[in-house]
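Single-structure report; data block below.
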Amino acid sequence: MDEETHEWIREYIAAVPAGSVASYGDIAALAGASNPRIVGWVLKEDGFDLPWHRILRADGTVAVHKQQEQLDRLRAEGVLAKDSKIDMKVYRWDPDSRTN
DNA sequence: AGACTGACTCTAG
DNA sequence: CCTAGAGCCAGTC
């Protein structure tokens with residue numbers, strides 16, 4: 001695993017604003033990760049400092065053990081989950097909209 | 001090196 | 001809508 005890619009993944013995840021969400025595939029593509037799984041791996045490694053709760057699967061579902069808690073966090077940020085699922089088409093983070 | 005697992009994604013039934 | 005299978009890459013044993 002390249003440290004550069006590793007950092008990029010963390011940067012992009014950290015760049016996701018509250019009220020928006022992103023999928024593993026999105027982060028992987030943006031960070032240049034070989035596969036979405038790499039993003040999940042990075043989150044597991046250094047996700048403690050990152051808003052990993054804003055990272056969902058492509059379907060908008062949360063695959064973690066504490067999904068209920070994550071959905072609650074997202075709800076607090078303005079992301080309303082529909083039956084443990086998120087409207088990706090609505091809340092999906094648009095990288096082009098990021099105003100660094 | 002070989003085999004298993006996983007915070008993923010896609011396609012098919 | 002839900003389940004099953006395959007592809008993918010990195011980590012661990």
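Every chain is numbered from 1, with letters handed out A, B, ... down the list of sequences. Side chains included, hydrogens not; waters and symmetry mates left out as well; all remaining heavy atoms used.
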Tell me which nucleotide among C:dA10, B:dT9, B:dA7 gets nearest to the side chain of A:Trp41.
C:dA10
Are any of the side-chain nitrogens in A:Glu77 or A:Arg73 under 4.0 Å away from the carboxylate oxygens of its partner?
no
Identify the nucleotide, in any strand shown, that forms a Watson-Crick or G-U wobble pair with B:dA7, with both distances under 3.5 Å; if there is none, say none.
none
Expressed as a whole number of angstroms, how long is the span from A:Met88:CE to B:dC8:C1'?
12 Å
Counting only heavy atoms not in A:Glu69, do more than 12 sit closer than 6.0 Å to its CD atom?
yes
For DNA chain C, whose closest nucleotide is more 5', that of A:Asp2 or that of A:Pro36?
A:Pro36
A:Met1 and A:Ile9, any side-chain heavy atoms less than 4.5 Å apart
yes
Could you check which of B:dC8, C:dA10, C:dC2 has an atom nearest any side-chain atom of A:Lys85?
C:dC2
Rounded to whole Å, the CG-C1' distance (A:Leu43 to C:dG11) equals 16 Å
Spacing between A:Asp59 atom CG and B:dC10 atom C1', to the nearest angstrom:
10 Å
Ignoring hydrogens and geometry beyond distance, is a side-chain donor-acceptor pair present between A:Asp46 and A:His6 at under 3.5 Å?
yes
Roughly how many Å is it from CG in A:Leu71 to C1' in B:dA7, rounded to a whole number?
14 Å
For A:Asn35 and A:Glu45, find the nucleotide of DNA chain C closest to each by heavy atoms; which residue's nucleotide sits nearer the 5' end?
A:Asn35
Counting only side-chain heavy atoms from C-beta out, which of B:dA7, C:dG11, B:dC10 sits nearest to A:Ala58?
B:dC10
For the side chain of A:Arg37, starting at C-beta, report the closest nucleotide among C:dA10, C:dG7, B:dA7.
C:dG7
Could you give the CD1-to-C1' distance, from A:Ile27 to B:dA7, as a whole number of Å?
13 Å
I want to check one thing: is the phosphate of C:dA10, taken as OP1 and OP2, less than 4.0 Å away from some side-chain N or O of A:Ser34?
yes
Tell me: CD1 of A:Ile55 to P of B:dG6, nearest whole Å?
21 Å
Tell me which nucleotide among B:dC8, B:dA7, C:dC9 gets nearest to the side chain of A:Ile38.
C:dC9
Any side-chain heavy-atom pair of A:Ser84 and A:Gln67 under 4.5 Å
yes
Whole Å only: how far is the OH atom of A:Tyr24 from the P atom of C:dG7?
24 Å
Spacing between A:Lys44 atom NZ and B:dT5 atom P, to the nearest angstrom:
15 Å
